[in-house]
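Quick caveat, the model's predicted, so the values are computed rather than measured. Positions are given from 1 along the sequence. Side chains included, hydrogens not; waters and symmetry mates left out as well; all remaining heavy atoms used.
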Amino acid sequence: MRGVLRRVSRWNFRLRRWRGWGYVGIFLACTAYALISHFFSDLPASVAGDARVVDGDSLVIAREDVRLEGIDAPELEQVCLRGGKDWQCGRDVRRQLARKIGSSPVTCDVSQRDVYDRLLGVCRVGKTELNAWMVAQGHAVAYGDYAMEERRARKEKRGLWASEFEMPRNWRDKFLSGDVAGRVD
């Protein structure tokens, strides 16, 4: 009986020792995958050039769709209420972004691609960061970032905050159908 217990004990020790190496193997495989996907991905570190404004938080630069990261602006067809009257806030926000950019080149530092294959980035015109500027002016709401800028815009009743509006995400859920309903544009 003791011999059997010794053999079982030895096997237990060997299994525990190999189990630890299994975790190391999994870690190394995951690390290798991350490195390979990073070095061979088609994700540029940045994009720069003339920008076409799609809406209040989306641009096309160098044939790449770029979404301003950390903000959410009204959809083009979204209507808000200001002074008791309908206001085409989605179109106005797009116009404000286009006016800010003008004919200047835009540079975006890219962090990742979203599920719609758009580049997510922080974009600048000269020294002005467009993401922060849009929220600070009340043309967009903070979406994970820029909470301080949003608080100030709310307090000073800038842009959207001087009107009655539905949060862009809620508006999309209500009025857009299909695969774009939950999409952050």
Side-chain angles (χ1 to χ4, degrees), residues 30-78 89-154 158-161 165-185:
C30 290
T31 302
Y33 174 77
L35 287 172
I36 289 169
S37 63
H38 174 74
F39 286 112
F40 294 104
S41 76
D42 66 338
L43 184 68
S46 65
V47 290
D50 293 333
R52 180 174 60 85
V53 178
V54 177
D55 59 24
D57 53 21
S58 302
L59 307 169
V60 176
I61 303 171
R63 290 188 268 169
E64 287 277 9
D65 292 328
V66 180
R67 178 158 188 313
L68 300 179
E69 190 171 20
I71 73 170
D72 197 11
E75 297 301 316
L76 276 179
E77 301 307 318
Q78 190 167 342
C89 57
R91 294 193 182 283
D92 188 46
V93 163
R94 175 182 174 214
R95 215 176 2 262
Q96 296 298 329
L97 179 58
R99 187 175 294 142
K100 181 66 177 174
I101 292 170
S103 60
S104 301
V106 176
T107 302
C108 300
D109 296 326
V110 176
S111 65
Q112 62 185 332
R113 284 193 185 271
D114 68 7
V115 295
Y116 303 100
D117 204 35
R118 299 175 298 185
L119 298 175
L120 294 177
V122 175
C123 300
R124 289 178 176 71
V125 170
K127 293 184 179 186
T128 302
E129 182 187 310
L130 293 173
N131 308 47
W133 182 84
M134 288 294 288
V135 176
Q137 296 303 309
H139 301 317
V141 297
Y143 189 78
D145 293 324
Y146 309 105
M148 184 179 72
E149 289 86 349
E150 182 178 299
R151 277 193 300 278
R152 175 174 272 156
R154 276 183 191 229
R158 291 184 181 174
L160 295 169
W161 304 109
F165 71 99
E166 192 161 8
M167 287 292 193
R169 174 177 219 109
N170 297 340
W171 189 91
R172 280 191 300 277
D173 289 345
K174 206 182 276 187
F175 295 103
L176 297 182
S177 62
D179 64 341
V180 295
R183 175 177 163 175
V184 176
D185 282 329

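Residues Gly70 and Tyr146 approach most closely at O-CD1, 3.5 Å, considering heavy atoms. The minimum heavy-atom distance between Val66 and Cys123, with the atom names listed, is CG1-SG, 3.9 Å. Smallest separation of non-hydrogen atoms from Ile61 and Ala51: CG1-CB, 3.8 Å. Nearest heavy-atom pair across Val141 and Pro168 is CG2-CD, 4.2 Å. When all heavy atoms of Val47 and Val110 are compared, the closest pair comes out as N-CG2, 4.3 Å. Listed here is the closest heavy atom pair of Leu160 and Cys89: CD2-CB, 4.0 Å.
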Using distance only, find each side-chain donor-acceptor pair of residues 100-109 under 3.5 Å and give its atom names and separation, not counting sequence neighbours.
unit_1 : atom_1 : unit_2 : atom_2 : d
Asp109 : OD2    : Arg124 : NH1    : 3.3

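Sorted pairs that involve residues 138-149 and meet salt bridge (charged side-chain N to carboxylate O under 4.0 Å, His left out), not counting sequence neighbours, are lacking altogether.
Glu166 pairs by the side-chain contact (heavy atoms from CB on, under 4.5 Å) definition with Gln78, Asn170, Trp171, Lys174, Phe175, not counting sequence neighbours. Partners of Gln137 under the side-chain contact (heavy atoms from CB on, under 4.5 Å) rule, at least two apart in sequence or in another chain, are Trp133, His139, Arg158. For the side-chain contact (heavy atoms from CB on, under 4.5 Å) test, residues two or more places apart in sequence or in another chain that qualify with Arg152 are Glu156. Qualifying ring-ring contact (aromatic ring centres under 6.0 Å, His included) partners for Phe165, counting only residues two or more places apart in sequence or in other chains: Trp161.
The local environment of CE in Met167 is crowded, with over 12 non-hydrogen atoms from other residues, nucleotides or ligands closer than 6.0 Å.
With contacts defined as side-chain heavy-atom distances shorter than 4.5 Å, the pair Glu64/Arg118 does not qualify. Residues Asp65 and Asp117 are not in side-chain contact: their nearest non-hydrogen atoms beyond the backbone lie 4.5 Å or more apart. Proximity of Val93 to Leu76: side-chain heavy atoms (C-beta onward) are nowhere separated by under 4.5 Å. Residues Asp72 and Arg67 are in side-chain contact: their nearest non-hydrogen atoms beyond the backbone lie under 4.5 Å apart.
To the nearest 0.5 angstrom, Ile71 atom CD1 is 5.5 Å from Asn131 atom CG. Put simply, CZ on Arg154 and CD on Glu150 are 4.5 Å apart, with the number rounded to the nearest 0.5 Å.
Asp55 contributes no side-chain N or O that, together with a main-chain N or O of Pro74, makes up a donor-acceptor pair within less than 3.5 Å.
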Practice problem: Quick one: do Glu77 and Leu176 satisfy side chain to side chain contact (heavy atoms under 4.5 Å, CB included)? Show the steps, please. | Solution: CA-CA 10 Å; Glu77 301 307 318; Leu176 297 182; over 6 Å; no

